[in-house]
Amino acid sequence: IKKRRDASLAFWIHLVTYIGVIALLFAINLNSKREGLWVVWPAIGWGVGVFAHGATVLLTNRLSNDEKEIGNFDL
């Protein structure tokens with residue numbers, strides 16, 4: 001249970017950090033003299049990582065819950 005809780009907390013920290021950094025980069029992008037929104041590229045790249053992290057935590061928790069319902073088993 002502790003490992004799942006730690007993994008979930010790590011995901012939420014990752015997500016909040018992502019939102020904060022992308023918001024900061026967006027502000028920098030809007031205040032820069034350069035044309036175009038370059039901030040979308042780091043947002044997409046890092047966003048894929050955040051999505052994968054969240055999916056991993058969700059699937060791990062779901063599989064762990066299924067094991068509890070069925071009983072612990074080894075493959």
Which atom of T56 lies closest to which atom of T60, heavy atoms considered: O-OG1, 2.7 Å

Nearest heavy atoms of L37 and F26, plus distance in Å: CD2-CE1, 4.3 Å

Transitively linked via ILVMFWY side-chain contacts under 4.5 Å: [X] with [Y]?
X   : Y   : value
V16 : V48 : no
V39 : W41 : yes
L58 : Y18 : no
V50 : V40 : yes
I19 : F51 : no

Expected output: side-chain N29 to main-chain G36 donor-acceptor under 3.5 Å: yes

Side-chain donor or acceptor of S8 paired with backbone N/O of R4 under 3.5 Å: no

Atom [atom1] of [X] and atom [atom2] of [Y]: how far apart are they, to the nearest 0.5 Å?
X   : Y   : atom1 : atom2 : answer
I22 : I44 : CD1   : CD1   : 10.0 Å
W38 : I28 : CH2   : CD1   : 6.0 Å
L30 : L25 : CG    : CG    : 11.0 Å

W46 and H14 aromatic ring geometry - parallel, tilted or perpendicular at 30°/60° bounds: tilted

